[in-house]
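Below, chain A is the first sequence line, B the second, and so on; all start at residue 1.
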Amino acid sequence: MTPLIDRLEPLLAQVSKPVQYVGGEVNSVSKPFDSVDVHWALLYPDTYAVGQPNQGLAILYEVLNELDWVVAERTFTIWPDLAALLREHGLPQFTWESHLPVKDFDVLGVSFATELGYTNLLETLDLAGIELRSRDRGDADPLVIAGGHAAFNPEPVADFLDAVILGDGEEAVVEVSKRIRQWKAEGRPDGREGLLERLAADGLAYVPQFYDVAYDPQTKAISAVTPNGPNVPARVPKHTLEHLDDWPYPKHPIVPLGETIHERYSVEIFRGCTRGCRFCQAGMITRPVRERSLPVIQQMVETGLAATGLDEVGLLSLSSADHTQIGEIAKTLADQYAESQVSLSLPSTRVDAFNLDLAHELNRGGRRSGLTFAPEGGSDRMRAVINKMVGAEDLLRTVSTAFSQGWRSVKLYFMCGLPTETDDDLLAIADLAARVIATGRQVTGSRDIHCTLSIGGFVPKPHTSFQWAAQASAEMIDHRLQVLKEAIIADRRYGRAINLRYGKGSTGIIEGLLARGDRRLGAVIEAVWRDGGVFDGWIEHFSYDRWQQAAAAVLTPLGLSVDWYTTRERPRAEVLPWAHLDAGLDLDWLWADYQAAINAEEVDDCRWAGCNDCGVCPGFDVDIELAGVPR
Amino acid sequence: MSRQPERQQPPPVMRVALRYAKRGRARFASHRDFARAFERALRRAEVPMAFSSGFSPHPRISYYNAAPTGAASEAEYLTLALAREVDVVELVARLNDALPDGFEITAWSLDSPLVLKGQQETEVDGASRWRIEFTPMGPNLDTAISVLLATSSYLVRREAKNRDVDVRERLARLELTAPGVLEMTIKTSSPLVRPDDVLNALAEIAGESYTARITRLAQGHLRDDELVELF
Ligand code: SF4
């Protein structure tokens, strides 16, 4: 097997940011190809700059490479300038470590953080010389296995995937590797199909081709999803890692040579979130909460910094201020690194004074980032609908403290297009921002007070309470944002201190189409890619018109439309495309929570207030694990 | 943003100048990429860096005339300030262990003008020697070299900056040393003329287009038309 690097190098001299393709970074791993039994190519379907910092990729890379009979190398979607040159010179998609063809590996493991990476999967498969559709692949082709949050509804890309792993990947990738090794050692009985059967057997992986999907000719919705083979479970469960402390990864992540979007050593301080924000898919599919303990966090930070030479530490999770020992964690680490140039960051947008105390603790060293809060909904009613339990008065009290402590600007996150939303809820955002400025001016006596509003369009996601909800149309989102913008411009006292940031409604519609889509969308994705669609997560590449045209061509003959998938409210009885994929959430509980949302009723966080019976813990025989509570 | 405490840092106790190479695939690293990688290597090697004072202290490292992205180099220089006395031989060994593939420290000095005087003075009469390996070379290259050397001035257009630079004026030497291998010595002064500019001039004269691998071989001063290395 000859590495491609010698033929690649002259091409690199002709492209933008060539350093991203060279590999060989500190802590990257390469092993003699023939010295191991199982070969993984791990793909993050975006550029190196975006994909390299991904925490999931870093974890699986180390978990796999720690096995002396496995190698995992990385690959990323190649930017169009180099992709064109590769095609012109007949060179395939390669891995970053050894610069070997991806097609020579046993598995191509794809991590989908967002649905907008789907066209990049096709681009990468094509450049690798791997058949796009699972059913067209031969025994020598790699298995294409997906994971990541978007893979909780892989149906739109089901035709292109051989298997899908739901949930935490650490244990699952090891088990998959074992079964591949065993199957190879036995002389590959029953070929590719035989291997897929072994992966599907006890629900280790979801193998789409072992499930038949039938549609109701009347409603056009799915009527049933039926397993078509023996030993294939009717529902495939997600994987849940029980004790985070036993999996202290990444220990020595790769240090990128080229620039990436995050340059810090990140430790996940807990996994899961039970605040119950009804729009949040990440919170729902990663239940229950499992905390990492302070000694393990401390150890990871110490070894991680020593192994990488990075000078920033990120304490990651879905809502980091919620760790039951966060005060102690912050104080201990701040003490430990007080005399060094290491900075600590804790992504948290919780709206309360405690969060401010944490910010102070972590920024003792001098550097201080901006303050960000996420009320998400503009009015008290809207926040009750999404279960974001924070009142306007809480927010104003918190920003008042912040301003009195020296901050001069805050950033607030909101969503637009939420269920039951009206124009008034958007006007409430403008009002809230005006009150933030007024409070700041009053507390500080200064007019140098600023507030940035960052507004995202709401996209209903599978496995959430809003999975049945009608998505707001692109026109509706654009209209509401216009209402908000005009209100801010019209506010002559405070408007100039408010900076409004938002995108167009159209991206959200395509994201929504793919998020809650079914297998009939595979042809749409393929048509978009064939028409040149790649890097849909990049504004300069995303084309709404191209998606709309491809969708119309494929869906109209079927009596379907983009609206059918997005802006239509789905009835309780409808079989959702992901119904056979089990995130553990009880369907009745989700529906009841959706109804509670419409009635603006709130539910408490089960980490503090007791179980709400969402179904996850008993379903998977797992439990909330808190750092201070012995196992 | 809020007011933040300004940090006072102790003055450095030692300064060392280092020569380093950028080879193979590492040549695609930009100067900023190298600077980040170098600072991380310093931390991994637990080198006692000296920091600047101020709101966001940064390591006191000054880089000298970095080679362009895509060009390899045997002669890059930097000066590093340290907060403690260290054994330089050991420092260099540890750094070389910690640096990513393709970067290597090849010499050091405690008494170079880079350490004692600062960069401005060092740049007087500065020049670099470059090796250009053509892949492949064109039939008219030989003639183009003679034509360029025979003139006293040759302007090349810098599209990005929208101005001309005189390539010939800065050329101290231009010579084919082997088939397809060109060596040139270019004087360093503002605006900087890069080997690419010389290649563009040659391509224009020859009516050919070139791709080539560029390596900086040495950096120093011209003394009677000879390049004397910094150290
Ligand atoms: S089952 Fe109960 S305790 Fe477990 S995540 Fe759901 S609500 Fe929380």
Side-chain angles (χ1 to χ4, degrees), chain A residues 5-6 8-28 30 99 252 254-260 263 265 305-311 339-343 359-360 363-371 402-410 444 448 450, chain B residues 1-9 22-59 68-72 83 95 97-103 133 135-136 196 210-214:
Chain A
I5 188 67
D6 289 344
L8 195 57
E9 258 198 66
L11 306 183
L12 293 186
Q14 305 168 44
V15 303
S16 60
K17 304 201 180 112
V19 68
Q20 65 176 311
Y21 304 107
V22 303
E25 306 98 315
V26 168
N27 295 334
S28 62
S30 57
H99 294 92
H252 33 71
I254 289 170
V255 187
L257 184 55
E259 203 163 354
T260 63
E263 308 255 335
Y265 175 69
L305 289 178
T308 57
L310 294 168
D311 62 351
E339 292 308 311
S340 72
Q341 307 299 330
V342 170
S343 68
H360 272 290
N363 292 301
R364 255 194 252 163
R367 290 195 226 173
R368 183 179 282 179
S369 48
L371 261 192
F403 287 131
S404 70
Q405 289 173 351
W407 267 283
R408 288 292 176 269
S409 73
V410 293
T444 60
D448 180 27
H450 302 274
Chain B
M1 285 296 169
S2 84
R3 317 276 123 100
Q4 301 169 19
E6 187 168 345
R7 278 216 183 175
Q8 217 40 57
Q9 303 285 345
K22 170 168 96 148
R23 300 181 180 125
R25 280 174 257 164
R27 74 180 193 276
F28 293 116
S30 68
H31 171 60
R32 281 168 50 109
D33 295 334
F34 172 75
R36 271 196 316 272
F38 185 66
E39 286 180 27
R40 288 167 187 172
L42 287 167
R43 282 188 218 104
R44 284 194 299 276
E46 295 174 10
V47 173
M49 295 176 259
F51 284 85
S52 64
S53 297
F55 293 113
S56 62
H58 51 268
T69 307
L95 269 175
D97 276 345
L99 279 168
D101 289 354
F103 297 109
E133 292 157 281
T135 53
D196 265 336
Y210 299 127
T211 53
R213 242 177 117 134
I214 299 173

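- The ring-ring contact (aromatic ring centres under 6.0 Å, His included) check on B/H31 picks up B/Y63, with sequence neighbours excluded.
- Annotation: residues 12-22 of chain A contacts chain B through A/L12, A/A13, A/P18, A/V19, A/V22 [non-hydrogen atoms, separation under 4.5 Å].
- Here the closest heavy-atom approach between residue B/A37 and residue A/L257 is recorded as CB-CD1, 3.8 Å.
- With a 4.5 angstrom heavy-atom cutoff, A/A307 touches chain B only via backbone atoms.
- Contacts of A/S28 with chain B are absent, with no heavy-atom separation under 4.5 Å from either backbone or side chain.
- Between B/R27 and A/E9, the closest heavy-atom pair is NH1-OE1, 2.6 Å.
- When heavy atoms are compared at a cutoff of 4.5 Å, A/E259 approaches chain B by way of both its backbone and its side chain.
- For B/R25, the parts lying near chain A are the backbone and the side chain together; criterion is any non-hydrogen pair under 4.5 Å.
- Using a 4.5 Å cut-off between non-hydrogen atoms, the part of residues 38-48 of chain B that approaches chain A consists of B/R40, B/R43, B/R44.
- Applying the ring-ring contact (aromatic ring centres under 6.0 Å, His included) rule to B/F103 yields the partners B/F34; only residues at least two apart in sequence or on another chain are considered.
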